[in-house]
There are 2 protein chains.
Amino acid sequence: MCKTDKRDDILSAAMELMAEQGFHGAPMAMIADKAGVGAGTIYRYFENRDVLIRDVYHMIYDEFVSFLLNRYPTDRPVRECFFHIGKGIIDYLIRNPLKFRYTEQFHNSPYGLEFRKLKLSNDTGEFDFGRDLYYKGLKHQVIKEIPLPIFFDLAFAPIFWAVRDHHTGFVVIDDALAEVIVSSCWDSIRI
Amino acid sequence: MCKTDKRDDILSAAMELMAEQGFHGAPMAMIADKAGVGAGTIYRYFENRDVLIRDVYHMIYDEFVSFLLNRYPTDRPVRECFFHIGKGIIDYLIRNPLKFRYTEQFHNSPYGLEFRKLKLSNDTGEFDFGRDLYYKGLKHQVIKEIPLPIFFDLAFAPIFWAVRDHHTGFVVIDDALAEVIVSSCWDSIRI
DNA sequence: TCATTCGGAATGAACGTTCATTCTTAGTCG
DNA sequence: CGACTAAGAATGAACGTTCATTCCGAATGA
């Protein structure tokens, strides 16, 4: 068993336990148990609990973003790009309940705030579909003239809330309903 | 000093500390300190920590709902009712940052899930503006035919996210922007 | 044999809750 | 009115538990 194996086992165990039980229902000893390693071993791969929590998030985040960007129709109309992303989010998060729950936990915690601040001031030049949609939409005059964060809220907040409702059993989101949801979000941002 | 005074002091102290530091940054001893009472005293008014947390929420919730329902224009068109609520939410939550932060914490915790489940199965006959808007909107054919939870998500999720952005400093919501936000939410639910 | 990695008992700090004790208040009696 | 008493409210030190982190002996492999 090589180094990466154990690291991944720990990341997965942490993700599952924290998604199911919340950050505070997943002590290090339990994570170690589930990962099949000793408690001390975790500290060979992660400096401390905070680092572990952030690393789990980054693992999920990177995979999520790369899924959304797969076949992203950059050259097509903004509306089409938006539908690609919107339906992608629903599709991915419905098929990955644990990852959804984990990111929800994360976003609503001090870690999440820190992460959001970093993203909004992001000038790393890294591609960001939120910005892409916003600036293209403005340029072609197909979306309302509103601040970027508000654009983001209108476009995506209902989608995330809807996925949460799906996972708590309040609604069942099938393809048809997903289409309606994304389309309604589009209605709120389009001119 | 009468009984209610101390109880209120404890509720306020708990609300402020938990809003600012999160549930886990506000130990009972610190709450007691801030409230100017002994640690043990808290347990004369609240059975335990969970009860305290829930009671703080109910205090905020009741006040919030009663604010929103004040001058609710029941007999006017659905659109007008929706604007009343939407702008009321923004107004109230922007003027009460601590209460906003507290409710956000609460909703994204096991307590919150429990509360949501209770509300959705709510047949207490108590007036609920969400349901009122939904059924009136459907009856008069001014809103889309979508499930109630999805209606709720489209109508209100962006509003709450926008308020969060305001409080974290990402945007400044003035009256004009509030109008745009509520109006955009309306665009997403109207036929 | 030596270096590296691992496991899990040990450690100590943090925290919710309890409870023996003190304090406050209101009622009673001389 | 003032002294005494009892009820119950308030206190905060102490307790037991939980948990992140450390540490050291065992295991592994070169």
Side-chain angles (χ1 to χ4, degrees), chain A residues 1-59 101-102 105-106 108-112 114-115, chain B residues 1-59 101-102 105-106 108-114:
Chain A
M1 179 178 299
C2 75
K3 239 191 151 174
T4 331
D5 273 347
K6 284 224 162 113
R7 202 187 124 90
D8 284 351
D9 288 347
I10 294 166
L11 282 172
S12 297
M15 196 265 277
E16 288 179 39
L17 281 173
M18 288 177 175
E20 281 161 2
Q21 323 278 341
F23 285 158
H24 300 276
M28 298 300 264
M30 204 186 280
I31 294 170
D33 243 39
K34 177 146 190 159
V37 304
T41 307
I42 295 180
Y43 291 85
R44 297 202 60 77
Y45 296 94
F46 306 92
E47 197 189 327
N48 56 43
R49 178 171 239 262
D50 283 358
V51 171
L52 171 60
I53 288 176
R54 268 187 282 263
D55 281 1
V56 169
Y57 180 76
H58 281 114
M59 172 188 70
R101 274 194 227 285
Y102 189 93
Q105 300 259 351
F106 188 86
N108 294 286
S109 73
Y111 307 111
E114 171 196 314
F115 183 78
Chain B
M1 177 178 300
C2 75
K3 239 192 149 172
T4 329
D5 273 347
K6 285 231 161 107
R7 201 188 124 91
D8 285 350
D9 290 347
I10 294 166
L11 282 172
S12 297
M15 196 263 277
E16 287 179 39
L17 283 172
M18 287 175 175
E20 281 161 2
Q21 323 279 341
F23 286 156
H24 300 278
M28 297 300 263
M30 202 185 282
I31 294 171
D33 242 38
K34 177 146 192 157
V37 303
T41 308
I42 295 180
Y43 292 86
R44 297 199 57 78
Y45 297 95
F46 307 92
E47 196 188 326
N48 55 43
R49 177 169 240 263
D50 284 357
V51 170
L52 172 60
I53 288 176
R54 269 186 283 261
D55 282 0
V56 169
Y57 180 75
H58 281 114
M59 173 188 69
R101 275 193 228 285
Y102 189 93
Q105 300 260 350
F106 187 87
N108 294 287
S109 73
Y111 307 111
L113 181 62
E114 173 197 312

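Chain identifiers are assigned alphabetically (A, B, ...) following the order of the sequence lines, protein sequences preceding nucleic acid strands; residue numbering begins at 1 within each chain.
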Open item on the list: From CG of Asp33(A) over to C1' of dC6(C), roughly how many Å is that when rounded to an integer?
Closed with: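 It works out to 15 Å between those atoms.
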Open item on the list: Nearest whole Å is fine: how far is dC6(C) P from Asp5(A) CG?
Closed with: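 About 11 Å, once rounded to whole Å.
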- [ ] Mind listing the closest non-hydrogen atom pair of Arg49(A) and Ile31(A) along with its distance?
- [x]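 It is NH2-CD1, 4.4 Å.
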Task: Interatomic distance, Leu17(A) atom CG to Asp33(A) atom CG [nearest 0.5 angstrom] - done: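 The CG atom of Asp33(A) is 9.5 Å from CG of Leu17(A), to the nearest 0.5 Å.
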Task: CZ-CZ distance between Phe115(A) and Arg54(A), expressed to the nearest 0.5 angstrom - done: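 Going from the CZ atom of Phe115(A) to the CZ atom of Arg54(A) covers 11.5 Å.
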- [ ] Describe, in one word, how the ring planes of His24(A) and His24(B) are oriented to each other, choosing from parallel (under 30°), tilted (30 to 60°) and perpendicular (over 60°).
- [x]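 Judged by the thresholds at 30° and 60°, the geometry between His24(A) and His24(B) is parallel.
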TODO: Compare side-chain N and O positions of Lys6(B) against OP1 and OP2 of dA10(D) and report whether any pair is under 4.0 Å apart.
DONE: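 Checking dA10(D) against Lys6(B), a side-chain N or O does come within under 4.0 Å of OP1 or OP2.
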Open item on the list: Taking Asp9(B)'s backbone N and O only, do any of them form a donor-acceptor pair with Ser12(B)'s side chain (distance below 3.5 Å, no angle check)?
Closed with: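 Between the backbone of Asp9(B) and the side chain of Ser12(B) there is no qualifying donor-acceptor contact (under 3.5 Å).
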Open item on the list: Does the protein touch nucleotides 14-22 of chain D at the base, only the backbone, or not at all? Give it as B, S and - per nucleotide, heavy atoms under 4.0 Å.
Closed with: -----SSBB
